[in-house]
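Contents: one structure, followed by commentary.
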Amino acid sequence: MTDTLAEEYARAQLFFDSKAYSDAALILAPIVEAEPTHGAARQLLARSYYHSAQLRRAEEALLRVLEADPVDGYARLMLGRTLERQGGRAEEAATQLRLAEALGQSLL
């Protein structure tokens, strides 16, 4: 990751920490596009989408995180919660939540 992207990632983290989730997502999307293998940026993007109720985008970002790391328990938990919030996807959500728990991720 270049210095500029690292600075933008740090800025996005500040926005996220300030609960400006949509703004964090706007900063993170080009970072993830430029550095698709940067797992932390992709996961923070997914969390930003989740917290700003952009649930389809959160789901897509989490699926990409899980493509790279299928045993990421936190991403499984987030995917389960995202599917729950979308409504009508309880069975899919339950599967992801069971996987998260099996991977040692607390559901509390």
Side-chain angles (χ1 to χ4, degrees):
M1 182 182 284
T2 66
D3 287 343
T4 303
L5 289 177
E7 290 167 359
E8 284 297 287
Y9 178 80
R11 192 165 77 94
Q13 183 71 59
L14 289 173
F15 276 89
F16 184 88
D17 292 344
S18 299
K19 299 184 181 186
Y21 304 118
S22 293
D23 293 328
L26 290 172
I27 297 166
L28 288 161
I31 295 171
V32 168
E33 187 175 321
E35 294 285 337
T37 60
H38 192 286
R42 188 171 297 281
Q43 194 165 90
L44 188 58
L45 176 60
R47 293 175 62 204
S48 297
Y49 285 147
Y50 175 84
H51 288 295
S52 61
Q54 298 178 61
L55 301 177
R56 285 290 195 194
R57 288 180 173 174
E59 178 184 356
E60 291 171 12
L62 289 162
L63 289 172
R64 288 199 174 89
V65 168
L66 290 167
E67 283 175 12
D69 186 6
V71 295
D72 184 329
Y74 184 72
R76 295 271 175 204
L77 173 63
M78 286 287 304
L79 181 56
R81 298 291 185 227
T82 299
L83 294 169
E84 282 179 333
R85 284 183 66 189
Q86 288 182 32
R89 300 185 74 183
E91 191 172 316
E92 290 174 88
T95 298
Q96 294 302 321
L97 294 173
R98 280 193 303 274
L99 285 168
E101 194 166 35
L103 293 166
Q105 185 65 47
S106 173
L107 300 182
L108 298 178

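Throughout, numbering of the chain's residues begins at 1 and tracks the sequence. The basis for the numbers below is simple: all heavy atoms, side chains too, and nothing from hydrogens, waters or symmetry mates.
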- Task: Applying side chain to side chain contact (heavy atoms under 4.5 Å, CB included), run through Arg42 and Thr37 and close with a yes or a no.
- Result: CA-CA 8 Å; Arg42 188 171 297 281; Thr37 60; over 6 Å; no
- Looking only at non-hydrogen atoms, find the nearest pair between Leu103 and Pro70 and report the distance. CD1-O, 4.3 Å
- Item | From CG (Leu79) to CD (Gln96), nearest 0.5 Å | 4.5 Å
- At their closest point, which heavy atom of Gly73 faces which heavy atom of Ala100, and how far apart are they? O-CB, 3.6 Å
- Message: Please find the pair of heavy atoms, one from Ile27 and one from Ala12, that lie closest to each other, and give the distance.
- Response: CG2-CB, 3.6 Å
- Item | Separation of Leu99 CG from Leu77 CG (nearest 0.5 Å) | 11.5 Å
- Item | Validation row: Glu35, Tyr9 side chains within 4.5 angstrom (heavy atoms) | no
- Message: Looking at every heavy atom in both Leu45 and Ala29, which two are closest together, and how far apart are they?
- Response: CD1-N, 4.0 Å
- Note on the structure: Rounded to the nearest 0.5 angstrom, the CZ-OG1 distance for Arg47 and Thr82 is 11.5 Å
- Message: Set out, in order, the CA-CA distance, both residues' side-chain angles and the distance that settles side chain to side chain contact (heavy atoms under 4.5 Å, CB included) for Leu55 and Tyr50, then state yes or no.
- Response: CA-CA 6 Å; Leu55 301 177; Tyr50 175 84; 4.2 Å; yes
- Task: Check whether Val71 and Tyr74 end up in the same hydrophobic cluster, where Ile, Leu, Val, Met, Phe, Trp and Tyr are linked by side-chain heavy atoms less than 4.5 Å apart.
- Result: no
- Task: Could you walk me through whether Ser52 and Arg57 pass side chain to side chain contact (heavy atoms under 4.5 Å, CB included), step by step?
- Result: CA-CA 10 Å; Ser52 61; Arg57 288 180 173 174; over 6 Å; no
- Does one hydrophobic cluster hold both Leu14 and Leu44, with members joined at side-chain heavy-atom distances below 4.5 Å? no
- Could you list the residues that satisfy ring pair (Phe, Tyr, Trp, His ring centres under 6.0 Å) with Tyr21, not counting sequence neighbours? Phe16, His51
- Looking only at non-hydrogen atoms, find the nearest pair between Ala93 and Gly80 and report the distance. CB-O, 3.4 Å
- Message: Taking salt bridge (charged side-chain N to carboxylate O under 4.0 Å, His left out) as the cut-off, I'd like each qualifying pair that reaches into residues 58-75, sequence neighbours left out, listed once.
- Response: Arg56-Glu59, Glu59-Arg89
- Message: Any salt bridge linking Arg11 with Glu8? Criterion: basic side-chain nitrogen under 4.0 Å from a carboxylate oxygen.
- Response: yes
- Message: Just verifying a value: how many Å separate Asp23 CG and Leu28 CG, rounded to the nearest 0.5 Å?
- Response: 11.0 Å
- Message: Would Tyr49 and Met78 count as a side chain to side chain contact (heavy atoms under 4.5 Å, CB included) here? Give the steps.
- Response: CA-CA 11 Å; Tyr49 285 147; Met78 286 287 304; over 6 Å; no
- Using a 4.5 Å cut-off on heavy atoms from C-beta on, say whether the side chain of His38 contacts that of Leu5. no
- Roughly how far apart are Ile31 CD1 and Thr4 OG1, rounded to 0.5 Å? 10.5 Å
